[in-house]
Amino acid sequence: MAAVDGHELVIERGAGVHVWDTDGKRYLDGAASLWYCNVGHGRREIADAIAAQQGRLAAYHVFGDVANPPALELAETLAALAPVPGSKVFLTSGGADSIDTAGKLARLWHAVRGEPARTFLLSREHAYHGTHGIATSILGMPYRDGFGTLVADTAQVAWDDAGALEETIVRLGPERVAAFVFEPVIGAGGVLVPPDGYLDEVTAICRRHGVLTIADAVINGFGRIGEWFGVERYGLEPDLIVFAKGVTSGYLPLGGVVAAPRVAEPFWAETGRPFSHGATYSGHPTCCAAALANIALLRQDDLVHRARELEGRFHAALRALEAHPLVAEVRGGVGLMAAVALEPDVVAADLAAPTRLWRAARDAGLLTRWIRDGVGLAPPLVVEDEHVAAMVDALATALDAV
Ligand SMILES: Cc1ncc(COP(=O)(O)O)c(C=O)c1O
């Protein structure tokens, strides 16, 4: 806090792929804020939908048998978009909320089916899943220390090795493993595209050992990698899908979990078991109205598929930066997500080098996300080629400054 106190970047306005600070300086929003502003800033349609819903019913809970029209419509819309027909949707307030929801649901699912010892939640190194209880406990990034005892029964596996997952399941005993949580393309952990066949292999391993698959589509979803939930890109049908961010493009906070029918079934059966879990703002009507308006825009402008159209040109343009002596590689290639990674010896000699690059890019008018070895990029899906060219120019300037 000492470093930022008095030096805050105060953003006050946004339109399309740009935002402005209180001094009137314009920035290209190269990371769509925190990987979420998929439809771009300043979309009137979402603001109007929010205002209209506030005028009708700003907020009401959805506990017990209580519902509201936007929550019902959103749940039905998302279930219809889900890869497995007949899926059910549980709404929350964000990403980590949803990870915790999915983790508890996975454990309870096994318990109600007579396997209460299946409690282990496995995740990948470099994974980011948020900062709630379970989410913190399964992080593959170094943000777990200093908080005392975290949630028990978690284990981490290499991010890119399906064999390591199977070894861990066998070592722990499959009868103790509840679920494997994975981002199809890892985002905040460095934009790591899975090796060919990896996601099919881990899915088969989980099926073989009775372990549920939980896809974290918080960044990958809603067009970021060219599909509604991102998992479709790899032909996956996960047992649970966690979403947030792009579902509202961040206009209001909302997340949720899609449960495939076989996971939902014990909780929907006549003699079913309740899932005693929910948050004050689950199914918040105004947040749901924002999501519906956002989804309408994604459809209207076909933004869900736009990343696929642009990804080749986007990555080709960014890869030109590999010619810079400080750059080790430009990672990505799937959707509008990329990382410009600095040479390992540069980062080893100066751990602050990624933040200095991020800062220099900002000085050059480009907002990025700093990651462990460089900066991450995920512009709004309304980005045009000219903006991509401006991103590359700003990064080249920033690299020279670093
Ligand atoms: C992949 C992934 N999962 C979960 C989360 C947590 O979401 P939230 O910050 O809304 O809790 C994030 C946030 O960046 C994320 O990138």
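Whatever order the structure lists ligands and atoms in, that order sets their numbers, starting from 1. Positions are given from 1, in the same order as the sequence printed here.
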Under the rule for salt bridge (Lys or Arg N to Asp or Glu O under 4.0 Å), what residues qualify as partners of Glu166, not counting sequence neighbours?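 Applying salt bridge (Lys or Arg N to Asp or Glu O under 4.0 Å) to Glu166 gives Arg208.
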Glu12/Arg26 ion pair, N-O < 4.0 Å: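 No salt bridge links Glu12 with Arg26.
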With a 4.0 Å heavy-atom cut-off, what residues sit around ligand 1?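 Within 4.0 Å of ligand 1, protein side: Gly94, Gly95, Ala96, Tyr128, His129, Gly130, Glu183, Asp216, Val218, Ile219, Lys245.
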Between Glu201 and Arg207, does the salt bridge (charged side-chain N to carboxylate O under 4.0 Å, His left out) criterion hold? Intermediate values first, please. CA-CA 10 Å; Glu201 279 177 59; Arg207 289 271 183 275; over 6 Å; no
Go through the side-chain N and O atoms of Tyr27 and Asp21 and say whether any donor and acceptor fall under 3.5 Å apart.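 Note: Tyr27 and Asp21 side chains meet the donor-acceptor criterion.
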Do we see a donor-acceptor contact under 3.5 Å between the side chains of Thr286 and Gln53?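 Absent: no donor and acceptor within the cut-off.
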Taking the six-membered ring of Trp109, is NZ or CZ of Arg113 closer than 6.0 Å to its centre and within 45° of its axis?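 Geometry flag: set, cation within 6.0 Å and 45°.
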